J.: 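Structure below; questions to follow.
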Amino acid sequence: MGITLPERLAAGDPGWATEADVVVVGSGIAGLTAALRLRDGVGKVLVVTKDVLSAGSTQWAQGGIAAALGPGDTPAQHEHDTLVAGAGACDLDAVRALVTEGPEAVRELIALGANFDHSPDGVLSLTREGGHHRDRIAHAGGDATGAEIQRALVAAIKLAPDIEVIEHALAVDLLLGEDGGVCGMTLHVMGEGQRDGVGAVRCRAVVLASGGLGQVFSQTTNPAVSTGDGMALALRAGAVLRDLEFVQFHPTVMYLGPESRGQQPLISEAVRGEGAFLVDFAGSRFMQGQHELADLAPRDVVAKAITRRMHEEGKPHMWLDARHLGREFWERRFPTILATARSHGVDPVTELIPVAPACHYASGGVATDLWGRSNVPGLYATGEVACSGVHGANRLASNSLLEGLVFSRRIAQVLPAELRPYADPVVDQRTAGVVAADVRSAMQATMTERVGVLRNADGLELATKALADLAATPGEEGTAAWETTNLVSISAALAAAAMLREETRGSHWREDFPERDDADFAGHFDVVLTDAAPVATFHPSPATDGAATDGATA
Ligand code: SIN
């Protein structure tokens, strides 16, 4: 039996209505940048966010934001490192836009009020992370970069009373007009008074900036709100999802034991950037000799090396040694990580930190062009929900905040001239459904075991069958079930692409096809919903890491 997914979420008829020219879904760096920059070009901007304004993934970003801002660094070098990390699957034009517009975008963020770390003589402090040949990661509060950026953006939004904000609002589905384009969306608001329950927003464009899908897996660095809602809603509206199989597992996530589930503490790559290194249970440094950058190799390389060593030693984790950094340095440079590790009973100043890979970032998402446009008229996407092509098969460290910043600016440049007229939605013929909320943990276990770091055909086949069974378990309308429906839908789409990509590339690691295969698999898998099932098709395109020789390295 094949899988059948809801073509729209079963939800009550809208009990309230409102109107905005543009609805921005999500309130991290991508959403708030889009909203702030759109306000001058369009009449009314409405930001909807599932929790409170500051609750998304951005505030959890530790390492920082990458841009060629340091002496001797250039966008060409940043481009080179991005293309190499992306393992041939990046879009060269998108990467060029990212790295050339990145420095100015970061300077604007600083001008907006984000307080980045500076040396005592006032020079912007830059550090290094995996895959970078230069110090180009700007950071704030030591290891609290995302929190500082989020604070600055929320402060700016609060000074923009013309931008309306609805918090505690789950984006349910898009409302589509006669041409299949966006003319509104339904929301579920956990509020009170006029805006409580399901409502409808008439609008002329929607910008998805709703983040990633980390909760697809049992352990993730992502917050609880990362349930793939934007990708699932776009899929149901006819959007193309691209590169979904490229899910990045962060190598150094603190291991809290076999029963630990949900969001796990990240130990930033910047800790390795400052000199920490990985060791096995015998105390051997196993990254040396595996890659020219050793412990600072691109993330997929390090995650694979840790996983291999875990399997060889039959252990659930490896160790990160950062004791030599010393107490004073730890307290100044990584205060958040230090406090978190200590709260879990490990003192990194005197002890090794247990680490294992966990789901961190969706490199794929809603396929967009260079200006954030999806294939659905009036639907734009930016940040982790999008696949702009900058990450390819493996995102370069600290390129994610930058992507949200740069591509939200780009959307704001084109969208005002592309606003659609207000229109009424057509009668929705899509089959409505909702999956039971209580299948979530079984789904996460399936995805972690069979579609996680290590994949093979048998496991993917079993996962596909299990997901079909779970998708056929009907549930009661409500936030938990809608989120679970989104998670199951995205899991099925991800597994469909992972099954067909019979090679190992970037963060997609097939045990049964351990080599990269440019002859057959240079290109992208696009997934669309066809007759209520996710269908993946391959679109070849030349591998782009060959172009990386253009950029000078350090
Ligand atoms: C980290 O600090 O290691 C994460 C940064 C990123 O995901 O880019």
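Predicted model, so just to flag it, every value in this text is computed and none were measured. Whatever order the structure lists them in is the order used to number ligands and atoms, beginning at 1.
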J.: Determine, for Arg332 against Asp143, whether the closest basic-nitrogen to carboxylate-oxygen distance falls under 4.0 angstrom.
T.: no
J.: State yes or no: are the ring centers of His360 and Phe217 separated by less than 6.0 Å?
T.: no
J.: Under 3.5 Å, is there a donor-acceptor pair between the side chain of Ser507 and the main chain of Ala393?
T.: yes
J.: What atoms of ligand 1 come within less than 4.0 Å of a heavy atom belonging to Gly63?
T.: 2 (O)
J.: Consider every N or O of Asn399 and every N or O of ligand 1, then say whether any pair is closer than 3.5 Å.
T.: no
J.: Please identify which atoms of ligand 1 are closer than 4.0 Å to at least one heavy atom of Ser398.
T.: 6 (C), 8 (O)
J.: Quick one: does Glu274's side chain have a donor or acceptor within less than 3.5 Å of a partner on Ala322's backbone?
T.: no
J.: Among protein heavy atoms, which lies nearest atom 5 (C) of ligand 1, and at what distance?
T.: Arg299 NH2, 3.4 Å
J.: Using a 4.0 Å cut-off to any heavy atom of His360, which atoms of ligand 1 qualify?
T.: 4 (C), 6 (C), 7 (O)
J.: Before you tell me yes or no, could you show the steps for Glu269 and Arg299 under salt bridge (Lys or Arg N to Asp or Glu O under 4.0 Å), namely the whole-Å CA-CA distance, both residues' side-chain angles and the distance that decides it to 0.1 Å?
T.: CA-CA 9 Å; Glu269 219 163 76; Arg299 216 165 260 180; 2.8 Å; yes
J.: Which ligand 1 atoms, with their elements, are less than 4.0 angstrom from a heavy-atom of Ala397?
T.: 8 (O)
J.: Could you work out, for atom 1 (C) of ligand 1, the closest of Ser400, Gly146, Ser268 by heavy-atom distance?
T.: Ser268
J.: Let's go through Thr544 and Asp91 carefully: what are the C-alpha distance in whole Å and the side-chain angles of both, what is the deciding distance for side chain to side chain donor-acceptor pair (under 3.5 Å) to 0.1 Å, and is it a yes or a no?
T.: CA-CA 7 Å; Thr544 46; Asp91 178 303; over 6 Å; no
J.: Which ligand 1 atoms does His250 reach within 4.0 Å, using its non-hydrogen atoms?
T.: 1 (C), 3 (O), 4 (C)
J.: Could you establish whether Gln248 and ligand 1 come within less than 4.0 Å of each other, counting only heavy atoms on the residue side?
T.: no
J.: Can you tell me if CH2 on Trp319 sees more than 12 non-hydrogen neighbours from other groups inside 6.0 Å?
T.: yes
J.: Atoms of ligand 1 less than 4.0 Å from Glu269 heavy atoms?
T.: 1 (C), 2 (O), 3 (O)
